Amino acid sequence: MAQKNRQRSTSAPAAEPQPASPGRRNLLKGAGLVGAAALGGSGTLIAQQGAEPAQPRIREALEVLTAAEVETLEILCDLLIPSDENGPGAREARAAHYIDRALAGPDAEDLEAFRIGLAAIEDYARRYRGRPFARLIRDRQESILLALQQNKLDGFLPSAGGFFDLLRNHAINGTFCDPYYGGNRDFVGWDMIRYPGVRIGASERDVELGADLPPNHQSAYDYPPYTKTGGNRA
Amino acid sequence: MPRRLAGADVAIVGLGAAGGIASLPLARAGMKVIGLEAGGWLSPRDFGPDELRNNYRNWPQAVQKAAGEAPTVRATAADRAVQGGHPMMNAVGGTSMHYWAQSWRLNPWDFRVVSATRERYGPGRVPAGSTVEDWPFDHTELEPFYDRVEYAIGVSGQAGNVQGEIDSRGNIFEGPRRRPYPMRPLRASPFTELMGDAARRLGWNPFQGPAAIATEAYDGRPPCQYHGFCNRGGCHLRSKSSTAFTAIPKALETGNLEVVPYARVIRVVTDNDGRVTGVEYLKGNEHFFQPARVVLLASYTYENVRLLLLSASAAFPDGLANHAGQVGRHYLSHHQGAPVTALFDRDLHNWYGLPAQGAAIDEWADDNFDHSGLDFIGGANLWAHTDRRPMSAARMSTFGQTARNWGSDWKAFIMKNADRGNSSYLQKTTLPYEDNYLDLDPEVKDPFGLPVIRITARYHDNELRIARFAQDRMEQWYREAGATRIIRSGLGNAMGASTHAYGGTRMGDNAETNVVDRWGFCHEAPNLGILGASVMGTSGARNPTLTAQALAWRTADYLANNWSAVAE
Ligand SMILES: Cc1cc2nc3c(=O)[nH]c(=O)nc-3n(C[C@H](O)[C@H](O)[C@H](O)COP(=O)(O)OP(=O)(O)OC[C@H]3O[C@@H](n4cnc5c(N)ncnc54)[C@H](O)[C@@H]3O)c2cc1C
């Protein structure tokens with residue numbers, strides 16, 4: 001089962017019509033890139049073209065988690081890395097979406113901990129706070145998350161504190177990973193910490209500029225060598 | 001019954017950092033060499049600048065053979081051993097594909113710890129219980145082979161001692177070398193300059209460390225472009241001088257090396273007289289016997305020891321070359337832990353650095369300082385390097401400045417400080433002890449039902465004292481450079497599976513305390529050679545690979561020059 005999922009999630013999503021502009025031919029050539037762009041937010045792709053900004057078309061199917069689980073997960077991610085006066089957070093990065101995909105494939109071993117943990121949080125909210133987690137006020141949600149971190153809740157795998165760490169790790173991965181994986185959408189995570197983006201070379205001058213270097217908003221898979229078809233450079 | 005293949009002159013088990021090097025002098029000398037490698041071929045396209053894939057999902061090393069045979073670990077024989085991870089790579093090129101590529105020579109002291117300590121401080125200073133011995137030769141014996149490897153694969157660096165002439169731009173404590181490095185060192189960065197200036201104010205001698213990374217076009221490979229992602233990612237340009245892009249292709253060009261990928265050696269075969277006749281390996285569903293006149297084990301420390309112990313036979317009932325009971329003994333893994341982490345109040349410009357690009361301090365390593373009033377021997381090399389990646393940067397310590405490691409305060413902290421933290425790398429002398437050893441785990445098996453290695457080892461007082469001493473020095477250095485906050489990590493106790501694992505098949509003239517002789521061939525099985533840090537009896541305060549490679553070249557060179565004595 002896990003094996004099957006793994007294969008599904010690592011194969012490239014179906015290609016879609018390419019909004020090819022001649023200048024970006026190299027960039028768009030790989031099916032991997034089209035897939036990455038489709039999943040990582042086609043807004044990215046269009047912004048790179050410098051053409052008319054069109055409405056990004058976002059396609060997100062849930063792969064293993066239920067809609068209700070993802071609703072809880074989104075809130076947890078937002079509590080961890082909030083969208084606030086300092087800018088976007090895990091919600092805009094689509095961290096929960098990333099986590100769903102990760103649990104369907106490479107991180108399938110964590111799926112059970114998430115299933116059990118998300119259900120336990122929901123159960124706790126209803127039982128002790130009288131309503132679904134999603135409908136609690138933010139302070140209440142936050143205190144539940146804190147209790148989780150402080151290992152004060154029961155019914156988690158491997159423990160409340162252990163699940164908190166797992167959740168935090170995945171939320172960070174989903175916010176700061178390469179956007180190919182469905183998180184860090186539109187590079188909001190990298191912009192947040194002023195990481196200027198994947199470059200395949202950095203000059204001395206680039207380094208001197210450090211985080212003041214203008215972000216280039218490039219994924220590893222915007223570089224042809226790393227996409228699936230990048231070797232056919234005929 | 002395994003299928004018997006046509007014989008080879010030499011079968012090398014594992015074409016990693018050490019085996020890959022040995023293949024070159026052997027193939028050039030005209031021997032027919034078969035390289036049996038558990039992994040496959042990778043190319044620069046497999047090493048995208050992708051932190052999730054390389055550093056968190058451990059592609060590709062996590063899905064391979066090594067992951068199924070990770071050693072179990074316990075601190076002492078009274079503890080229960082628990083299986084952990086395995087950091088090494090299975091591929092042509094081995095772990096030289098994705099290592100950091102720091103490429104150090106050992107200092108002269110590391111070859112003569114016992115006698116040099118006695119000469120300088122009198123008797124009684126080597127810690128009780130340590131089984132450390134002098135190497136069977138000194139630094140000058142290995143120097144020509146260091147030189148050959150540095151030029152064959154391409155190592156960049158700044159010499160500190162060319163034929164006795166000291167150059168303070170390099171490591172003034174290194175032993176004399178015959179000539180400078182073939183390439184200039186990796187460039188400085190604003191951060192290494194910040195640290196370098198601070199060190200000079202303290203009266204120390206900072207220098208750019210040596211790396212198996214091309215800094216100029218070298219042998220058809222382009223120079224490093226400093227894009228980062230070097231830490232556990234292979235090089236997208238082949239600038240990292242992995243044996244997969246250097247020694248192995250050159251050996252293949254001779255027509256004398258045949259590489260067999262996905263060949264998992266399970267046994268070294270001996271005849272009734274105790275001579276090695278070849279190896280058995282599995283490839284897919286098939287089981288082969290590869291006859292060879294000489295076998296060289298180069299499958300990394302844990303697997304070198306495991307294969308010897310798994311190859312018990314009528315002639316060697318306790319494991320191959322183990323009549324003296326020395327296989328698995330004198331094990332040590334480098335004390336690399338106990339880092340010091342610093343926070344600065346300015347951006348450090350480290351987003352495009354690499355772990356081999358750093359400022360080194362050797363003043364506090366080895367016996368480079370007076371230990372008269374101290375309660376330990378040895379020391380640490382201090383290394384301040386420039387590697388930074390976004391996912392790990394977001395996980396930085398908040399140095400107690402936020403109440404929680406999540407929420408808006410935390411987010412504001414990492415937004416400001418993601419490029420302001422730095423964690424040092426402190427490599428410390430580690431000694432072998434009577435009670436630190438490798439053997440076969442009595443319970444845990446690999447997917448083939450063969451026992452995995454069990455590590456029984458802990459750091460002793462000498463290591464823990466060095467760690468404290470090194471942390472003091474590192475903190476002093478960071479503070480001088482303007483760090484505002486410092487965290488010292490714990491010292492640890494049990495020695496987990498390590499990227500710097502030494503001993504287990506130690507080299508020495510005394511056959512009662514060592515597995516291989518001064519040339520790297522087993523005292524008890526003279527046509528079986530062993531390559532890698534498993535033959536090293538001391539660690540020094542720096543990474544092992546260049547030394548393991550110099551030794552591998554020397555063993556291969558000896559074999560080529562003494563073929564009939566070894567093979568017949
Ligand atoms: C992340 C990381 C960073 C590192 N950084 C540095 C550094 O900066 N400087 C440094 O000096 N060292 C560094 N090291 C350590 C360095 O990688 C090792 O010292 C070196 O690779 C060891 O060489 P080796 O040939 O013994 O083992 P490897 O290079 O691991 O090669 C062993 C080979 O044997 C093969 N093999 C294993 N078992 C079998 C079998 N049964 N049959 C057939 N083949 C087999 C493996 O597939 C592998 O290819 C680092 C290691 C890691 C993991």
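Computed from a predicted model, the values in this text were never measured in an experiment. Throughout, a chain's letter reflects where its sequence line sits, starting with A, and its residues are numbered from 1.
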Check your understanding: Side chains of A/Gln149 and A/Asp165: donor-acceptor distance under 3.5 Å anywhere?
Key -> no
Check your understanding: What do the steps show when you test A/His217 against A/Phe187 for ring pair (Phe, Tyr, Trp, His ring centres under 6.0 Å), and what is the final call?
Key -> CA-CA 6 Å; A/His217 290 178; A/Phe187 303 91; 4.8 Å; yes
**Study point:** Distance under 6.0 Å and angle within 45° of ring axis: B/Arg57 vs A/Tyr181
**Key:** yes
**Study point:** chain A contact via B/Phe229 - which portion, at a heavy-atom distance below 4.5 Å
**Key:** side chain
**Study point:** chain A contact via B/Arg388 - side chain, backbone, both or neither, heavy atoms under 4.5 Å
**Key:** neither
Review point. With only heavy atoms counted, which part of A/Glu85 is less than 4.5 Å from chain B, the side chain, the backbone, both or neither?
Key: neither
Practice item. Please flag which part of A/Arg168 lies under 4.5 Å from any non-hydrogen atom of chain B: side chain, backbone, both or neither. Key: side chain
Exercise for review: Answer with side chain, backbone, both or neither: which region of A/Ala102 has an atom nearer than 4.5 Å to a non-hydrogen atom of chain B?
Suggested key: both
Practice item. Examine whether an atom of A/Ser203 lies under 4.5 Å from a heavy atom of chain B, and if so say whether it belongs to the side chain, the backbone or both; otherwise answer neither. Key: backbone
Check your understanding: So what's closer than 4.5 Å to chain B heavy atoms on A/Leu209: side chain, backbone, both or neither?
Key -> backbone
Exercise for review: Among A/Asp178, A/Asn173, A/Val198, A/Leu79, single out the residue with the greatest number of heavy-atom pairs under 4.5 Å to chain B.
Suggested key: A/Asn173
Point to revise | chain A contact via B/Asn350 - side chain, backbone, both or neither, heavy atoms under 4.5 Å | key: neither
Check your understanding: What part of B/Leu52 lies closer than 4.5 angstrom to a heavy atom of chain A: side chain, backbone, both or neither?
Key -> side chain
Review point. Minimum heavy-atom separation for A/Trp190 to A/Gln218, with atom names?
Key: CZ3-O, 3.5 Å
Point to revise | Pick from A/Thr175, A/Leu213, A/Leu146, A/Asp206 with the largest number of heavy-atom pairs that fall under 4.5 Å of chain B | key: A/Leu146
Exercise for review: Select, from B/Gln225, B/Arg404, B/Arg395, B/His227, the one with the greatest count of heavy-atom pairs under 4.5 Å involving chain A.
Suggested key: B/Arg395
Check your understanding: Would you say the side-chain atoms of A/Asn169 and B/Tyr56 include a donor-acceptor pair closer than 3.5 Å?
Key -> no
Study note, to complete from the structure: Smallest heavy-atom separation, A/Ser159 atom then A/Asn151 atom, equals CB-OD1, 3.8 Å
Point to revise | Donor-acceptor side-chain pairing of B/Thr341 and B/Arg485 below 3.5 angstrom | key: no
Check your understanding: For B/Tyr226, is the NZ or CZ atom of B/Arg187 found under 6.0 angstrom from the centre of its six-membered ring and inside 45 degrees of the ring axis?
Key -> yes
Point to revise | A/Glu71 atom CD, over 12 foreign heavy atoms within 6.0 Å | key: no
Revision key, fill the gap. If you tally heavy-atom pairs under 4.5 Å between each of B/Lys416, B/Met391, B/Arg389 and chain A, the highest tally belongs to B/Met391
Check your understanding: A/Asp191 versus chain B, heavy atoms under 4.5 Å apart: side chain, backbone, both or neither?
Key -> neither
